[in-house]
Amino acid sequence: MSRMLKTRSPVADAGQQRRVFNLRAVGMVLFVAAMLGVAVYRLVQLQILDHRNYAQAAHDNRVRIQPVAPPRGLIYSRNGKLLAENVPSYSLVLVPDDVHHLHRTVQDLVRLLHIAPADLRHFEQLRRSTPPYRAVPLLTQLSQRQLAHFAVESYRFPGVHIQARLIRHYPYGRLTVDSVGYVGRINAAELKKVNADNYAGTDYFGKSGLELAFQQQLHGKVGYKVVKVDAAGRPLTTLQSQLPVPGRDLVLTLDVGLQRVAQKAMKGWQGAVVVMNPRNGAVLALVSNPAFNPNWFVNGISEQRYRKLLDNPRKPLWNRALDAAYSPGSTIKPFIALGALQAHVITPQKQIDAGPYYIIPGDHSHHKFWDWTPYGHGMTNLKKAIEQSVDTYFYPVAYAMGIKTIDRTLAKFGFGQLPEPGLQGESAGVLPTPKWKEHSQGQPWYPGDTVLMGIGQGYLQVTPLQLAEGVSTIAMRGHGHQPHLLRAWRTSPSGSLHPIKSQALPVAHFRKQSFWRDVIAGMHAVTASPYGTSYRAFRGFPLPVAGKTGTAQVFSFHTNPFAKHGKIPFRLRDNALFEGFTPIDKPRLAVVVVVEHAGDKLGPASNIARKVMDYWYAHQAQIENPLSQLAFGPMVPNPHGKACSLGNAADARKASCPA
């Protein structure tokens, strides 16, 4: 009982309870007052202090700035035929900021429109490098069926809409791909190399050829338009716009007729043809065979088709005219002859006993360097040596010159250097020196290496374009010009032409001007003399032609080359070459042909060159049409802000300007 009395609660103190209640009441009042103060401050901030910012945000919610990609510049042949044009197409674009469930929306579109995985990967790549408020193309060329399907279901896809765009098209396909090149979808790596703001809305970027070399000039300058949109992001009206600046048009030096004849003549063969005007360096035809259709790459080539191109043993993706380096074979002999005359090694009349083989003086192994005939050619002077391509004449000549003199001579003609066009993939070939061999092969330079240089074998490698530059310099007696593919720029909407001046190469000086005459006389005999190695191919041609054939070994037999070796595999057969120009006194055409693995067939390269010259002779006036006389067709406006040409080529598509 006593314990219970001790633990019982005391009588409540009314005064203390009142004080606690008052404190709590004051605290609640202060808390409520503070909350009201915060609410009032927030209202003042929203309604007064930040009113302008939120009003602008609300405005931006219904007004968008959309980039307008500039129409890409067109590419014309030397006579105004369209080689690369823009045709209208419809693209499906998506604005990430306007899409509530991006992943689900994309998957629904994939199922609805049967979007390929490659298109989806490209979209994801571009989306990661594009601001979320800008449209990203998901499909760049919708079919009529896809357009119809999306039109019916478009209400389900806020932030996704159709845009009319221009896409690249190449009317001549594989005929001009070796020089014009092609465009493809722009990727994140390419966006990093350029001003990304100027490429907003741009779908395509040059991937090869002139499309890549002149990407900046062809692209133009981006425009914009301020568009009022609805809650789903669909455009309603255009409030303001600035037209894009179209890319500049290119007028090339190429002639479509010559190009077609050269490619047709190469049918069935692998190799290259380069046709030039030696008076100014204009490249009239540039053919690499086999070729491929550049239109396959514009909107993304399928993996299966690309794999077939890569695995094709004929290598259609390889630009042989610019990138392939070949042993020049006997086509190098006129250049060696000029150096030998300069170095006092020979005179035009000096006779050399050209037997069936040559042995280097003092060579105890008695290694034989064979002539192309087992009988030799007997006493031979310069003209006969070039006319009949006498190897055993040039072996001792090259040995007497020495490698330094040979290198110095060949460098005068551009060998071992990059030609001018500046296209991706160009090769400089190989102009070998003792230092080069030691560095690349880990071996010293031997006298036999010098001997082989005299007939264009060994380590010497040249491209067809280099050979065309070299023979053009011979044609002009040392006054060569840089090879070039660009004839003029053309600006829109005026259509004014701005010619490109040819660039002269450093003059190839020799002691006597008569040296040119002596070497060219031998080259003329190649095509005009019954003993010439190209006489049959050029018999009956109405103009005098100076030329030189060549056979370059791909594989050499260390024993007697005239012994029977059975059937030689295709890839080991000799290459056939031809270089030449016409007329001799006032040259206007230079042709170089390389036919891979021609083997022992007589004259395939010479026959191809003859077909090219026949066409040129029959169409000289058309091919050499002055720039001032070109007509490109009427310039008409279009909704994209570009004055675009309908062109004057009969086979050029009039859809160059969107409807």
Side-chain angles (χ1 to χ4, degrees), residues 57-71 87-168 184-188 191 196-197 199-205 222-241 244 298-300 639-640 658-659:
H59 181 267
D60 290 344
N61 228 7
R62 63 185 180 87
V63 175
R64 291 289 172 84
I65 298 178
Q66 295 181 353
V68 180
V87 297
S89 180
Y90 293 98
S91 299
L92 184 73
V93 299
L94 183 151
V95 182
D97 270 357
D98 293 339
V99 178
H100 300 304
H101 302 287
L102 182 61
H103 179 73
R104 188 171 67 191
T105 297
V106 171
Q107 292 305 314
D108 288 345
L109 288 168
V110 168
R111 286 190 292 271
L112 176 67
L113 303 177
H114 305 290
I115 299 174
D119 293 319
L120 194 58
R121 287 194 298 269
H122 186 260
F123 165 77
E124 291 295 340
Q125 185 184 49
L126 279 184
R127 185 180 64 82
R128 287 191 291 268
S129 59
T130 304
Y133 54 84
R134 284 183 177 169
V136 182
L138 183 56
L139 276 177
T140 54
Q141 194 172 13
L142 274 73
S143 66
Q144 292 298 320
R145 181 182 294 272
Q146 289 172 321
L147 278 170
H149 283 176
F150 181 78
V152 173
E153 302 288 340
S154 60
Y155 69 93
R156 296 172 44 204
F157 302 103
V160 183
H161 52 92
I162 301 293
Q163 278 188 359
R165 294 184 177 228
L166 295 171
I167 65 171
R168 205 61 154 174
R185 294 184 184 180
I186 192 169
N187 57 45
L191 276 173
D197 290 335
Y199 279 75
T202 295
D203 292 333
Y204 302 106
F205 197 92
V222 70
Y224 72 87
K225 57 182 177 179
V226 181
V227 180
K228 187 176 180 180
V229 298
D230 62 13
R234 289 186 287 265
L236 299 175
T237 58
T238 299
L239 304 177
Q240 184 183 352
S241 66
V298 174
N299 287 304
H640 293 257

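It should be emphasised that the depicted structure is a prediction, and the values quoted were computed from it without experimental measurement.
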**Report entry** Heavy-atom donor-acceptor pair, Gln240 side chain to Val226 backbone, under 3.5 Å
**Finding:** no
Report summary line: Residue pairs passing the salt bridge (charged side-chain N to carboxylate O under 4.0 Å, His left out) test with at least one member in residues 113-122, sequence neighbours excluded, are Asp119-Arg185
Report task. Determine the sole option in Asp203, Leu139, Ile167 for which the side chain to side chain contact (heavy atoms under 4.5 Å, CB included) test with Asn299 is passed. Result -> Ile167
Query raised in the report: If you take all heavy atoms of Pro244 and Pro70, which pair is closest and at what distance?
Result: CB-CA, 3.6 Å
Query raised in the report: What pair of heavy atoms forms the shortest contact from Pro132 to Pro96, and how long is it?
Result: O-CD, 3.3 Å
Gap separating the [atom1] atom of [X] from the [atom2] atom of [Y], nearest 0.5 angstrom:
X: Arg156; Y: Leu112; atom1: CZ; atom2: CG; result: 6.5 Å
X: Leu109; Y: His149; atom1: CG; atom2: NE2; result: 13.5 Å
X: Glu124; Y: His103; atom1: CD; atom2: NE2; result: 9.0 Å

State which residues pass side chain to side chain donor-acceptor pair (under 3.5 Å) with [X]; sequence neighbours excluded, sorted by chain then number.
X: Tyr199; result: Gln215
X: Gln163; result: Arg165
X: Thr202; result: His219

Requested in this report: State whether the number of non-hydrogen atoms from other residues, nucleotides or ligands found under 6.0 Å of Tyr90 atom OH is greater than 12.
Outcome: no
Query raised in the report: Around Leu147, counting heavy atoms of other residues, nucleotides and ligands shown, do more than 12 lie under 6.0 Å from its CG?
Result: yes
Min side-chain heavy-atom separation [X]-[Y] under 4.5 Å:
X: His100; Y: Thr105; answer: no
X: Asp197; Y: Val222; answer: no
X: Asn187; Y: Phe205; answer: no

Query raised in the report: Can you list the residues that meet the side-chain contact (heavy atoms from CB on, under 4.5 Å) rule with Val106, with sequence neighbours excluded?
Result: Leu94, Leu102, Val110, Leu120, Phe123
Report summary line: Arg111 meets the salt bridge (Lys or Arg N to Asp or Glu O under 4.0 Å) criterion, sequence neighbours left out, with Asp108
